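These numbers come from a predicted model, not from an experiment. Labels below follow one simple rule: chain letters A, B, ... track the order of the sequence lines, proteins then strands, and each chain is numbered from 1.
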Amino acid sequence: SSNGKSSASDGKSKQLTIGFVTINQEAYFFTESIRGAQEQAKKMGVKLVVQNPNNDPVKQNNQIENLVNQKVDAIIVDSIDTKGVIPAMKEAANAHIPVISIDAIVKSDAVSTQIGVDNAESSKELGQYVNKYIKDNMKKPAKLGVVGALNSFIQVMRQNAFLDTVKQTPSLKVVNIVDGKNVQQTAMTSAENLMTGHPEMNIAFASGEPALIGLASAVKSQHKEKKLSVFGWDLSKQAIQGIDEGWVKAVIQQHPEKFGSEGVKAAVKLAKKQKVAKTINAPVTIVTKDNVDQFKHLFK
Amino acid sequence: MIEAKGKMTSVSKKPATTIKQNKAVPQWIANNKQIIGIFAVLVILSLFFSVFSNSFATTGNMLNMLQQLAANLIVCVFMTLVITTSGIDLSVGSILSLASALIAVLIKAGLGSFEAFLIVLIVGAIVGLINGVVISYLSIPPFIVTLASMIYIQGLALLITGGYSIGIDGSAWLNAIGQGRVLNIPVSAIIAIVVVVVGWGVLTQTRFGTYVIGIGSNEESVRRSGVNIKKIKMLTYMFSGMAASFAGIVLATRLGSGSSNVGTGFEMAVIAAVVLGGTSLFGGIGTMLGSVFGVFLIGVIDNGLTLMNVSPYIIQIIQGSVLLLAVIVNTHVFSGKSLKRR
Amino acid sequence: MIEAKGKMTSVSKKPATTIKQNKAVPQWIANNKQIIGIFAVLVILSLFFSVFSNSFATTGNMLNMLQQLAANLIVCVFMTLVITTSGIDLSVGSILSLASALIAVLIKAGLGSFEAFLIVLIVGAIVGLINGVVISYLSIPPFIVTLASMIYIQGLALLITGGYSIGIDGSAWLNAIGQGRVLNIPVSAIIAIVVVVVGWGVLTQTRFGTYVIGIGSNEESVRRSGVNIKKIKMLTYMFSGMAASFAGIVLATRLGSGSSNVGTGFEMAVIAAVVLGGTSLFGGIGTMLGSVFGVFLIGVIDNGLTLMNVSPYIIQIIQGSVLLLAVIVNTHVFSGKSLKRR
Amino acid sequence: MAATPRIEMKEITKSFGRIQSLRGVNLELYSGEVLGLVGDNGAGKSTLMKVLSGVHLPDGGSMKFEGQPIRLHSPKEAKNYQIETIFQDLALCDTLDVASNLFLGREPLRLFNRLIDKKKMHLSAQQELDRLGVTIPSTYATVENLSGGQRQSVAIARAVINNPKVLIMDEPTAALGVKEVRMVLELIKKVKQSGVSVILITHRLRDLFEVCDRITVLYEGRIIDNRPITDFTMETLVESITAEKEAVH
Amino acid sequence: MAATPRIEMKEITKSFGRIQSLRGVNLELYSGEVLGLVGDNGAGKSTLMKVLSGVHLPDGGSMKFEGQPIRLHSPKEAKNYQIETIFQDLALCDTLDVASNLFLGREPLRLFNRLIDKKKMHLSAQQELDRLGVTIPSTYATVENLSGGQRQSVAIARAVINNPKVLIMDEPTAALGVKEVRMVLELIKKVKQSGVSVILITHRLRDLFEVCDRITVLYEGRIIDNRPITDFTMETLVESITAEKEAVH
Ligand SMILES: Nc1ncnc2c1ncn2[C@@H]1O[C@H](COP(=O)(O)OP(=O)(O)OP(=O)(O)O)[C@@H](O)[C@H]1O
Ligand SMILES: Nc1ncnc2c1ncn2[C@@H]1O[C@H](COP(=O)(O)OP(=O)(O)OP(=O)(O)O)[C@@H](O)[C@H]1O
Ligand SMILES: [Mg+2]
Ligand SMILES: [Mg+2]
């Protein structure tokens, strides 16, 4: 549209405004991605408006609508519901506001650029790592317990991709899956109960940060450091301690601040009507004892 | 003493009798200070946001807000009835999730939009009916009953979606419920307004409404008047379930997808709006208009602060404080002194 | 008529007088059917889980459960007081989050464990005090007040953590609160038991407790008896805030990290336990023992079902159903008929 | 009096936990009769009347209405037999207005019987109250703010306008002023004329002599006296209620 | 009587919204005096007494206690002057037991004044009730299950044991039986002996002649008569309350 703001995009007189709708602010991942975006925005001299829908897909929709209403120059979205976010994104596209989708993959024409990790793909990678680990290190058959967060689509995706992959190890048996609901305390209680119910369990997987923190605390309280090999997503102080002590074997670490900074870069380019690649990949790292040191500074 | 009695003649009984009738209007004002107060607070806040955000007082934003609040408005009407009987319905959020998930699953399974729509409404009504039967006929406290259903219904929603969100390819009219506009006014908002008006009529103009208030005020008294109070209570929960179900369809069609967690926290938002509006959690006092203003108050605070680009790190602090301030101002400035009933 | 009056002599007034006193014990049973009922349900469920899961009835699991429920037990004691005054405290979950975040932040900032511990408790008490003052002295409904504080306190927690979860390097005694064991019994459980016993004593054996019940039953009556009801109400919220704060420390030291969302949903779990135990949301009826059993009932359902390997996709369905069934059985089998007060 | 009583209660018992409120009560009431039911505080008068009005289900015993055995499971069923009651605790809905309380359960309707005809309701309410000589600020006033006597008047008016065959009055005049008490006594006489049976519970013994045909005395859940009013003097009545327990008989 | 009255109320006014309940009331009460306060339903008697017991703050007017100007902001302050009240609505806590209701606000304590001495409390409660001649199933019974008269007895006992200087009784005998009414009247005479000032509101005019020294008549929020009891006969009293409004004066 030919409103004042978008015409200002070719001159340098007017500051660009970029909206960023995240998922929540309670997990390291999102907090870091906000930080990355804010730093990048400062560097490029654009105004960044961050909105937090607190895991509520409806609220996320509302916030995108509100940003469209405010005629911002571009919107970065980390989708809660990758399908449910589409109507709002379309509204943005109709108003000629470019949409940059980060992290979760949204399949829609409304998205100008997708920056992200394929969660399923990365989880598969971790699964393969686990398959290899079992083959190389475990004499007894593997008994796997899972701490998930069924109220998070992304984590459900990770969990299912992981499970599909590790089932390639024929001797592996999934003893149970428990739901930590993306809250540390709930995850811890569920993990403890999981361990109590299955003393034979020797491998555990957690699908996200609160789940992994809860799982780690449970390992400590149940003194399972010697029995359990823990894998999961997203580093934390507890996870690093586990790696140091040897019972956390591998953790997928994303680089969330990159999502933020890349997102802002793409947004600025798009707002200035420059070309940006349709998809930008952000790599993940599988953190183990070997490379953990380079991440320690993040959790001091 | 003679003087005292002399004065008496001027105080004869007649005046008291003559001013008896036709007090309906001032009585309304006296009885509804709370509503007038919350309306005033709403106006002040809106003025404030209009000044501090260019986009707040635009038609676009107002219509957006109407659309965003449609689901809350629809459910708040029936929540008002439930709370006025001194009950509570914590399961509306879960029912909303279930409805949203179910309509997506049904359409994906090949059902027609109309059949799916109908089934979802019926499921909502049945779930509400179960709440109502257990509460009324088995005399279990509504808080516990609807908390339990909140949990198991959430579980059902999770089960049928498997934790994923499911896209909806419904027919045009179905999508129109959530996304359509008539003369630029959101369809969902129009429906919400109709529901509010009907709900107001039911509460204030019908026997059902009188009994709803009466049950909240003194259940035993209404029973002794020969009214089937169990049926009345049961019906409020059934309606509430059906309304939540419909709200679920509104949200699902708006998002174009069904998922098991759209309703998270929804019940609290609705209950808060109703209580904010002046309906007593202890029953016996219910106001439809107040609930509507309550929904708008919460909505305006949310919308206005977002438009003012308040940092997400402090937005909740401000939201909570504004809410608290709003009630205090309402109670002590506009409504003059506190309410009698808690 | 003579016969009728002849019989009379045997019905002389004396018997009525002689059985007057020393009815305390049977009266207790009559008054506490609900508690006995919920205890019976608890025993039945435990037996059931013992049969269907090998690990349920182990000392290890029992001690685990005690530790897991310690925070809930501590808060439920004060929530019982609040609800008995016919109030409610929705902010405990947020206060818990704030406390957990604050202790981590303070220790990270270099404060000693003891100073940090003290500050967190004081902050909790102050937040509760603010709730109490607004509720008592400004006469705003507790639901709205504590809902507003729930929001802004959550915001505060978010602000001070910046959304990160922060590791705690506290001294040994501080960590022991959450993780330590004495004679294999979790320290947190011991603290919880002490709090419960003291809470029971306060409710049943002190003036404060009597006034708490009286306020819930008929606030005006207690006021007319010359009691400072505003102070009593205010204090219940202050204690509740302080208890939530302490529970936050328990959880944070147990997890070894503070974060702004450990308390999500905590308030509902506690309120549900209290109501399940037989305390009336309408005030005037409160039972500490009932609340404790309520906490255990919810805990046992949770723990037992997980141990029985129920799939997470259907666990909520079963949880909700079992909860509903438990209350129905309690009300209609053990307590015989429904409660008089809603 | 007629051969079949309008109401016949036989061996009615009712306990609350360990307290036996009614220990086998027999009571008969004929049409057009005014029966005075008296007794000590806690004798069981209100409990007995709650049984008759369907509020409490008795533990034992049987009831007949105009010769037909009946069992009252709810107040609604009692109302179907046109048994109307003024309860001692008044049973008003505090947050409803005077008119709504008066017509609770029988509101006049309009618009295809969907909506309450409020205008008509308030007008009739005013008329009924005027007929009883009750002064109430407004029929729109909520009941919780009325004075003790005003509240009681509302309860009386409500029972009367329901056109009862049996009118149970549990201490209807306890809070009423001199003039209002007179009105109620006149009212009793008037409804009696039209064949209504009245049970009057009161501690104002003098009133009994003015309107009653018969007196029944309840003591600790049993009937200990039951005679025509003409058999009593003020002194023997007081004796029957109180004194004789110790020594007289 | 003494020169300075124990209680002096001057030009007290009180409105609720548009309803003027008190329109300038003057009232004096001397020590050892029993004052009968009478008037129509809705005349403002209870409202006036609520002002005197600190429940309502008056809109206008002043009060003196033994010559000292006072302002009562809460029932607690009234209690500090030993003004005790039996309220018409009884103001009992339904879910507390009889003993707790009796001692509400003044429970006997033990263990360094930390815990309620329940044993002592129930024992004293029983003694007090016996002294009043009240039969109540048990002091452990919750008040909500008591009969109307039993509830009223509890309220009376509560006011009396507080050792008042001024005892306000708002229709204390409305629900009481014959014997219990006697007890209350005896009680009034007894406390009067010990110098307690009593205000008795009742619609049982006969009782007034037995215990009162003076009668004050309230009508639509104003005092319209105030004379020694000896000035009245039953007839002139009834006239003063009701008839004269139309024509007599
Ligand atoms: N719901 C109840 N639960 C327990 N006890 C009850 C209940 N209702 C009545 N009672 C007891 O039954 C007895 C009779 O009570 P009832 O109200 O019938 O007396 P009453 O004759 O009407 O007395 P009053 O003249 O004081 O009104 C009393 O001892 C009372 O405490
Ligand atoms: N809280 C209140 N709000 C509104 N009106 C009230 C309130 N309290 C009393 N009134 C009104 O004030 C008037 C006087 O009431 P009050 O209770 O003092 O009468 P009373 O003389 O005690 O009558 P009764 O003999 O019936 O008890 C009545 O018309 C009543 O409706
Ligand atoms: Mg009675
Ligand atoms: Mg009065």
Side-chain angles (χ1 to χ4, degrees), chain B residues 86-88 90-91 94 130 134-135 138-145 147-163 219 268 271-272 275-276 278 280-283 311-328 330-332 337-339 342, chain C residues 86-88 90-91 94 130 134 138-145 147-160 162-163 219 268 271-272 275-276 278 280-283 294 311-328 330-332 337-339 341-342:
Chain B
S86 80
I88 198 158
L90 297 173
S91 67
S94 291
I130 295 174
V134 176
I135 291 166
L138 301 182
S139 309
I140 318 278
F143 188 91
I144 288 292
V145 173
L147 184 81
S149 18
M150 168 174 152
I151 298 170
Y152 79 75
I153 296 165
Q154 183 66 51
L156 276 176
L158 186 62
L159 183 66
I160 65 172
T161 59
E219 189 171 321
M268 269 308 182
I271 294 169
V275 176
L276 203 56
S280 164
L281 273 176
F282 297 88
S311 148
Y313 288 96
I314 60 166
I315 198 165
Q316 290 191 60
I317 302 178
I318 299 182
Q319 268 173 354
S321 313
V322 171
L323 189 60
L324 199 55
L325 216 70
V327 209
I328 294 177
N330 177 13
T331 310
H332 287 270
K337 286 298 286 183
S338 64
L339 283 171
R342 300 149 295 177
Chain C
S86 80
I88 197 156
L90 297 173
S91 69
S94 290
I130 294 173
V134 176
L138 300 181
S139 309
I140 317 278
F143 188 91
I144 288 292
V145 173
L147 184 81
S149 21
M150 169 173 150
I151 298 171
Y152 81 75
I153 296 165
Q154 183 67 49
L156 276 177
L158 186 63
L159 183 66
I160 65 170
E219 188 170 321
M268 268 307 183
I271 294 169
V275 176
L276 203 56
S280 165
L281 273 176
F282 296 89
S311 146
Y313 288 96
I314 60 166
I315 200 165
Q316 290 193 57
I317 302 178
I318 299 182
Q319 269 172 353
S321 314
V322 170
L323 189 61
L324 199 55
L325 215 70
V327 209
I328 294 178
N330 177 12
T331 309
H332 287 270
K337 287 295 288 181
S338 63
L339 282 171
R341 280 169 77 98
R342 300 148 296 176

Which of Ile314(B), Ile153(B), Leu159(B) touches chain C most, by non-hydrogen pairs under 4.5 Å:
Leu159(B)
Quick one: of Val275(C), Val145(C), Leu90(C), who has the most non-hydrogen atom pairs under 4.5 Å with chain B?
Val275(C)
Tell me, side chain or backbone of Val134(B) under 4.5 Å from chain C's heavy atoms, or both, or neither?
side chain
Structural part of Ile88(B) lying under 4.5 Å from a heavy atom of chain C
neither
Below 4.5 Å from any heavy atom of chain C, which atoms of Leu158(B) appear? Answer side chain, backbone, both or neither.
both
Using 0.5 Å steps for rounding, measure from the CZ atom of Phe282(C) to the CZ atom of Phe143(B).
11.0 Å
Residue Ser321(B) versus chain C: region with a heavy atom under 4.5 Å:
both
Among Val327(C), Ile318(C), Leu323(C), Ile140(C), single out the residue with the greatest number of heavy-atom pairs under 4.5 Å to chain B.
Ile140(C)
How far does CG of Leu324(B) sit from CG of Leu147(C), to the nearest 0.5 angstrom?
10.0 Å
Would you mind telling me which of Ala272(B), Ala148(B), Gly162(B) has the largest number of heavy-atom pairs within less than 4.5 Å of chain C?
Ala148(B)
Rounding to 0.5 Å, atoms CE (Met268(C)) and CD1 (Ile151(B)) come to a distance of 10.0 Å
Looking only at Gly155(C), Ser311(C), Pro312(C), the option with the highest number of non-hydrogen pairs under 4.5 Å against chain B is Gly155(C)
